[in-house]
Engineer: 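One structure follows; several queries about it will come next.
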Amino acid sequence: MEIPTRYDSSIESKWYDYWIEKDYFHSVPDEREPYTIVIPPPNVTGKLHMGHMLNNTIQDILIRKARLEGKNACWVPGTDHASIATEAKVVKMLREKGIKKSEITREEFLKYAWEWKEEYGGIILQQLRKLGASCDWERTSFTMDEVRSEHVTKAFVDLYNKGKIYKGLRIINWDPDAKTVLSNEEVIYNDEPGHLYHVRYRIEGSDDYLTIATTRPETILGDTAVAVNPKDERYKHLEGKKVIVPMVNRVVPIIFDRYVDIEFGTGSLKITPAHDPNDYEIGLRHNLEVIDIFNEDGTLSEAAHFYVGKDRFEVRKLITKDLEEGGHLVKIEEYNHSVGRSERTNSVVEPRLSEQWYVHTEELAEPALKSVMEDVIEFFPKNQKNTYRHWLENIRPWTISRQLWWGHRIPAWYLDVDGETKTFVAENENKALELAIKETGNSGLKLSDLKQDEDALDTWFSSWLWPISVFNGFFDKKEIDYYYPTTVLVTGWDIIFLWVARMIMAGYEWKNEKPFEHVYFTGMVRDKKRRKMSKSLGNSPDALKLIEDYGADGVRFGMLSSSPAGGDLLFDDKLVEQGRNFSNKLWNAMRLIKGWEIDDKIETPVENRLAINWMKNRLNQVIEELDGLYEKYKLSEALMTLYKFIWNDFFSWHLEVIKPAYGQPIDRFTLNETIELFETTLTLLHPFMPFVTEEIWHYIKEREDGDDCVVSKYPKAESYDQALLDVVEKVKTIVTKIREVRNSKGLKPKDKLKLYAKKSDSLLDLLDSEKISGIKEKILKQAFLSGLELVDSEEIENTIPFMAANEKFMLESNIEIDIEAEIAKIEKEIVYQEGFVASINKKLSNQGFVNNAPEAVVNMERKKLADGEERIKILKESLKTLKK
RNA sequence: GGGAUCUUAGCUCAGUUGGUUUAGAGCGCUGCCUUGACAGGGCAGAGGUCAUGGGUUCGAAUCCCUUAGAUCCCA
């Protein structure tokens, strides 16, 4: 049978289908320990991008590892309805069809939206399968499906009844394009160039003026006061006075408030309570009138009196001109200031006074803060705790209503009773009607008398319930009791407030328990120039194309190999290529092994026994290292550890020793043991590279049905012989040195040469160790030597002298050696070694060091010193010989 | 304006409570190799005053302070 020399990753889909057919990813509660992950639900209409690939690769590694360890691994997939984003897409789609949202009913709009969702929704889940994500697809959830919606409604009603949800008039962030409120977390602030306008207001009953500075002159029309700092000596005399607002000629008070920054601008501040959150607060303190001069689309309203119907930015220009003509404008300065824009529409957010629904977050925040600060929930990396604490300690009410249709409609019904609006919050309209009848005593009320709130809920109001709702947690005790709290949440730090903190709050509110044990924060995927990957920059590679070109294993390797927890991933095709090459290396190692025939007449060579013994010990050492790395979620390092172990130790050292001459058979013991080692190695690597490991798993051995890598047994670390590992390391340095000598002297790497070694106790000990045999044979084979002879002499004709592992060697060669160069080299080495010895001597002659440092450290230094002195001695002898 | 994190090889990063030969890895680079698993390969090599200046200590990449620079969060 011919096996191609290149690994072909197109076999991946075959294995994915096979795993699904075997139902390996489905989980039901049983007596085993659960290992649970809920996916951060991607937008239902989203497409797989680099961030998803990183995030889901990490989750898949963890879940596959848990599965191999025999835990009941459950990874719940799903999607998010993403209200603003999806509604925007639907609106755009309708506009292209010539339909305006304002011209159709809510019901019609929702029908279009659901059609759209059915058509494009869930593509991303198909794409995750290509990546190898081993989700339990039977559990696929959607934040707006029936079960999840029931949770949303129940949570809302419950909070309302507990008094933790309320409706209030506040200054909110208004998006004039989307015509909806935004939460603070949906506003992106950036410094933008602008102007600082100095405008003078005449003081009533005098010819004096008070000059204020503002970046938004158009809001002058809504001014209801001017404020100065009570400590500001310049304005003390104005107490009790009033000023006249330009244009509108409104007489407003001069107020004194500590909020005003004496240093900034002119030290006096105009107050527009309707259009600035700070002004609003000041307004409340001083009982100021609130005049809203804007319409919901950002144009000026009747209340402004001037420029009615014109856009706010146009008005800014117009009023500047008019103020100047009226003699009110003092000067204009260039000024950079922070401008908030909508995360979705990029329009400049307008602070606006509006009635919205809020969650009272202070009480919810308390247990959420405590559990993270006390490491009841552990963050990886830890430093995200600070960010988290800062936000929760300064938490503000959460605006949960949105002026959108796509989402969970707020379960509040209104009834006008004698000109007063009463609110009834309930799971459904019938229950609301019951409440209304009970409260009003009017049994004649009908459903049509009630009017439901038009607004939908913030998307995050459904996602914060996700770890509960995916297990039907409000209604099914068995599932939630088994899977909750989940084991680990893997997500980006950019949604630590939007999502992570709120899930923790919800967990304590409804389950009185954390939602997850650990949170692993991934970094952002950036390009090589550290730019965030984005569609507009065009620097984001096509995820599916990458999988097609390099295989999912290659992509997973690339994503992981340079992605410490929390740190940014600088994506580079090169990394993915390295992953693909690794798959190919594994493939070819398999080809090599499969090509060997067993001959039972062959005795196992002694160096093979040593090699196998060494590999087994190394393997245990690696397993132990991996356990430690997994525990700390250092997955990139775990992958690198495996990569180096497999490529260097297993393939480059082990296979090269045991490899029979071309066309020759191998002994049974060596081959079987090597296959066994390979098999264990595949299990270790499987979480990272599931496809290639499964493929090779089935090549290296005949398998019975169900004997698959994906469900193989993860090995437990056993003890290992450190002394043996040290000895082999020493052998490797000797072999490497011989290769280097050949290399630098232009000798062929595979010509059989004889090696002489100066007899020493340590060398005798190494080569004739009673415990470890096969050392000499291993050196002979790996360094292509015809023999190794121990001699007393320092000098042998036709040899090249060199040092390795503190021993002196001479390699047979009749080439002329450049004695001058050789002397220079050795002298340079002596200088280095003497410096080394001197530095240790200095340490050891320091009484403070000898007295204070631990004994082991001092002994180590003494050993270093002795070794260094020994090297100098040998070098000096060599020098003497050369100079003769 | 307030806060956080960071600065180690050309690049991307490890480096645990200060002590394991005068700092490690991967990539890249340089040289050599190539009918025999794999050029998507093999062997070897070069590369660093651990940002700066000071301090603590017997001992500092590691702890403290200064300065410079970078990134991020909040307002």
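Atoms considered below: every heavy atom in the structure, side chains included; atoms not considered: hydrogens, waters and symmetry mates. A note on names: the letters A, B, ... follow the listed sequences, proteins ahead of strands, and every chain is numbered from 1.
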Engineer: Taking atom P in both B:G24 and B:G19, compute the distance separating them and give it to the nearest angstrom.
Structural biologist: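 So the two P atoms sit 14 Å from each other.
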
Engineer: Can you list every pair that meets side chain to side chain donor-acceptor pair (under 3.5 Å) and has a residue in residues 579-589 of chain A, with sequence neighbours left out?
Structural biologist: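 Only A:Asn588-A:Arg591 qualify under side chain to side chain donor-acceptor pair (under 3.5 Å).
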
Engineer: Measuring only the P atom in each nucleotide, how far is B:G42 from B:C65? A whole number of Å is fine.
Structural biologist: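 These two P atoms come out 48 Å apart once rounded.
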
Engineer: Salt bridge between A:Glu829 and A:Lys876, side-chain N to carboxylate O under 4.0 Å?
Structural biologist: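 Looking at A:Glu829 and A:Lys876, the cut-off is not met.
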
Engineer: Picking from B:U21, B:A37, B:G19, which would you name as closest to the side chain of A:Asp867?
Structural biologist: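 Output: B:U21.
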
Engineer: Searching all strands shown, indicate the nucleotide that pairs with B:C29 (Watson-Crick or G-U wobble; both distances under 3.5 Å).
Structural biologist: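 Base partner found: B:G45.
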
Engineer: Under 3.5 Å for both donor-acceptor distances, Watson-Crick or wobble: does B:U57 have a partner, and if so which one?
Structural biologist: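 Base partner found: none.
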
Engineer: If we count only N and O atoms by modelled type, under 3.5 Å, do the side chains of A:Gln782 and A:Lys778 hold a donor and an acceptor together?
Structural biologist: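 Yes - a donor-acceptor pair under 3.5 Å links their side chains.
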
Engineer: For B:U52, give its Watson-Crick or G-U wobble partner with both distances under 3.5 Å, or none.
Structural biologist: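 Base partner found: none.
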
Engineer: If each of A:Leu570 and A:Tyr7 is mapped to the nucleotide of RNA chain B with the nearest heavy atom, which maps nearer the 5' terminus, i.e. the 5' end?
Structural biologist: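 Checking each residue's closest nucleotide, the 5'-ward one belongs to A:Leu570.
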
Engineer: Quick one: side chain to side chain contact (heavy atoms under 4.5 Å, CB included) partners of A:Ile602, sequence neighbours excluded?
Structural biologist: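 With neighbours one apart ignored, the set is A:Asp599, A:Pro665, A:Asp667.
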
Engineer: Base, sugar-phosphate or nothing for A:Tyr832? Non-hydrogen atoms, less than 4.0 Å.
Structural biologist: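 Base, at least one base atom sits under 4.0 Å.
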
Engineer: Roughly how far apart, to the nearest Å, are B:A51 and B:A61 at atom P?
Structural biologist: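 10 Å, rounded to whole Å.
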
Engineer: Run the ring pair (Phe, Tyr, Trp, His ring centres under 6.0 Å) test against A:Trp697 and tell me which residues pass, sequence neighbours left out.
Structural biologist: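 Partners of A:Trp697 by the ring pair (Phe, Tyr, Trp, His ring centres under 6.0 Å) criterion come out as none, since no residue qualifies.
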
Engineer: Tell me the interatomic distance from A:Phe582, atom CZ, to B:C27, atom P, rounded to whole angstroms.
Structural biologist: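 For the pair A:Phe582 CZ and B:C27 P, the rounded distance is 11 Å.
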
Engineer: If we take the C1' atom in both B:U67 and B:U22, what is their distance in whole Å?
Structural biologist: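 Comparing C1' positions in B:U67 and B:U22 gives a spacing of 28 Å.
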
Engineer: Just how far, in rounded Å, is P of B:C6 from NZ of A:Lys382?
Structural biologist: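 My rounded result for the distance is 14 Å.
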
Engineer: Cation over ring, A:Arg341 on A:Trp174, under 6.0 Å and within 45°?
Structural biologist: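 A:Arg341 over A:Trp174 ring: no.
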
Engineer: Is the gap between the ring centers of A:Phe557 and A:Tyr643 under 6.0 Å?
Structural biologist: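 So the answer is yes for these two rings.
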
Engineer: How would nucleotides 58-64 of chain B be written as a contact map, 5' to 3', with B for base contact, S for sugar-phosphate-only contact and - for no contact, using protein heavy atoms under 4.0 Å?
Structural biologist: B------

Engineer: What nucleic acid atoms does A:Arg742 come within less than 4.0 Å of, heavy atoms only: base, sugar-phosphate, or nothing?
Structural biologist: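 If one applies the 4.0 Å heavy-atom cut-off, A:Arg742 turns out to touch nothing in the nucleic acid.
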
Engineer: B:U21 base to A:Arg871 side chain: any donor-acceptor pair below 3.5 Å?
Structural biologist: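 Under the 3.5 Å cut-off, the side chain and the base do form a donor-acceptor pair.
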
Engineer: Just checking, any donor-acceptor pair under 3.5 angstrom between side chains of A:Ser561 and A:Gln578?
Structural biologist: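 Side-chain D/A pair, A:Ser561 to A:Gln578: absent.
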
Engineer: Rounded to the nearest angstrom, tell me the gap between atom CZ in A:Phe651 and atom C1' in B:G40.
Structural biologist: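 Rounded to whole Å, this separation is 14 Å.
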
Engineer: Between B:A37 atom P and A:Gln664 atom CD, what is the distance in whole Å?
Structural biologist: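 To the nearest whole Å, that distance equals 13 Å.
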
Engineer: Over how many whole Å does the gap from A:Tyr633 atom OH to B:A14 atom P extend?
Structural biologist: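 Distance check: A:Tyr633 OH to B:A14 P gives 19 Å.
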
Engineer: Find the distance A:Leu392:CG to B:G3:C1' and express it as a whole number of Å.
Structural biologist: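 Taking atom C1' of B:G3 as the reference, CG of A:Leu392 is at 16 Å.
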
Engineer: Scan every strand shown for a Watson-Crick or G-U wobble partner of B:U5, both distances under 3.5 Å, and answer none if you come up empty.
Structural biologist: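 Pairing partner: B:A70.
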
Engineer: Return the nearest nucleotide to the side chain of A:Thr387; candidates are B:C73, B:C38, B:U22.
Structural biologist: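 Within the option list, the nearest is B:C73.
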
Engineer: For A:Tyr699 and B:A37, is the shortest distance between a side-chain N/O and OP1 or OP2 below 4.0 Å?
Structural biologist: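 Answer is no, no contact under 4.0 Å.
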
Engineer: Nearest-Å distance, CZ (A:Phe645) to P (B:A25)?
Structural biologist: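 A:Phe645 atom CZ is separated from B:A25 atom P by 18 Å.
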
Engineer: Going by the rule ring pair (Phe, Tyr, Trp, His ring centres under 6.0 Å), which residues pair with A:His518 if we only count those two or more places apart in sequence or in a different chain?
Structural biologist: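 Only A:Phe380, A:Tyr633 meet the ring pair (Phe, Tyr, Trp, His ring centres under 6.0 Å) criterion with A:His518.
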
Engineer: Can you check B:G47 for me, syn or anti if syn means within 90° of 0?
Structural biologist: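 This nucleotide is in syn.
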
Engineer: How far, in whole Å, is B:C13 from B:U8 if one measures between their C1' atoms?
Structural biologist: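 So the two C1' atoms sit 10 Å from each other.
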
Engineer: For B:U16, give its Watson-Crick or G-U wobble partner with both distances under 3.5 Å, or none.
Structural biologist: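 Because no pair has both required distances under 3.5 Å, B:U16 counts as unpaired.
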
Engineer: Report the C-alpha separation of A:Lys632 and A:Asp627 in whole Å, then their side-chain angles, then the decisive distance to 0.1 Å, and conclude whether the salt bridge (charged side-chain N to carboxylate O under 4.0 Å, His left out) test is met.
Structural biologist: CA-CA 9 Å; A:Lys632 292 181 223 146; A:Asp627 286 347; over 6 Å; no

Engineer: Any chance you could list the contact pattern along nucleotides 42-49 of chain B? Use B for base contacts, S for sugar-phosphate-only contacts and - for none, protein heavy atoms under 4.0 Å, 5' to 3'.
Structural biologist: SBSS----

Engineer: Taking for each residue the nucleotide of RNA chain B with the nearest heavy atom, is it A:Val837 or A:Lys634 whose nucleotide lies nearer the 5' end?
Structural biologist: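 Looking at RNA chain B, the more 5' nearest nucleotide goes with A:Lys634.
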
Engineer: Can you tell which of B:C73, B:U22, B:A37 lies closest to the side chain of A:Phe497?
Structural biologist: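 Comparing B:C73, B:U22, B:A37 against the side chain of A:Phe497, the answer is B:C73.
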
Engineer: Quick check for you: among B:A37, B:G26, B:G19, whose closest atom lies nearest to any side-chain atom of A:Val857?
Structural biologist: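 For the A:Val857 side chain, the nearest candidate turns out to be B:G19.
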
Engineer: Looking across every strand, which nucleic acid part, if any, lies under 4.0 Å from A:Lys644 by heavy atom: base, sugar-phosphate, or nothing?
Structural biologist: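 It contacts sugar-phosphate atoms only.
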
Engineer: When the C1' atoms of B:A4 and B:A46 are compared, how many Å lie between them, rounded to an integer?
Structural biologist: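 Per the computed distance, 39 Å lies between those C1' atoms.
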
Engineer: Verify the contact: side-chain N or O of A:Arg396 to OP1 or OP2 of B:A75, cut-off strictly under 4.0 Å; return yes or no.
Structural biologist: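 Answer is yes, contact under 4.0 Å.
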
Engineer: Would the distance check show the side chain of A:Asp276 and the main-chain N or O of A:Asp279 forming a donor-acceptor pair, the cut-off being under 3.5 Å?
Structural biologist: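 Checking the backbone N and O of A:Asp279 against the side chain of A:Asp276, a donor-acceptor pair under 3.5 Å is found.
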
Engineer: Taking the C1' atom of each, how far is B:U57 from B:G18, in whole Å?
Structural biologist: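 Straight-line distance between the two C1' atoms is 9 Å.
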
Engineer: Closest to the A:Lys632 side chain: B:U22, B:U16, B:C38?
Structural biologist: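 Looking only at side-chain atoms, A:Lys632 lies closest to B:U16.
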
Engineer: Pick the P atom in B:C72 and in B:G59, then give their distance to the nearest Å.
Structural biologist: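 Going atom to atom, P in each nucleotide, I get 40 Å.
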
Engineer: Is the count of non-hydrogen atoms from other residues, nucleotides or ligands lying under 6.0 Å from A:Lys863 atom NZ greater than 12?
Structural biologist: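 Count not over threshold, so no.
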
Engineer: Assess the pair A:Phe678 and A:Phe650: is the distance between their ring centroids shorter than 6.0 Å?
Structural biologist: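 When the ring centroids of A:Phe678 and A:Phe650 are compared, they turn out to be within the sub-6.0 Å range.
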
Engineer: Using whole Å, what does the distance between atom P of nucleotide B:C32 and atom CD1 of A:Ile738 come to?
Structural biologist: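 After rounding, the reported distance stands at 22 Å.
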
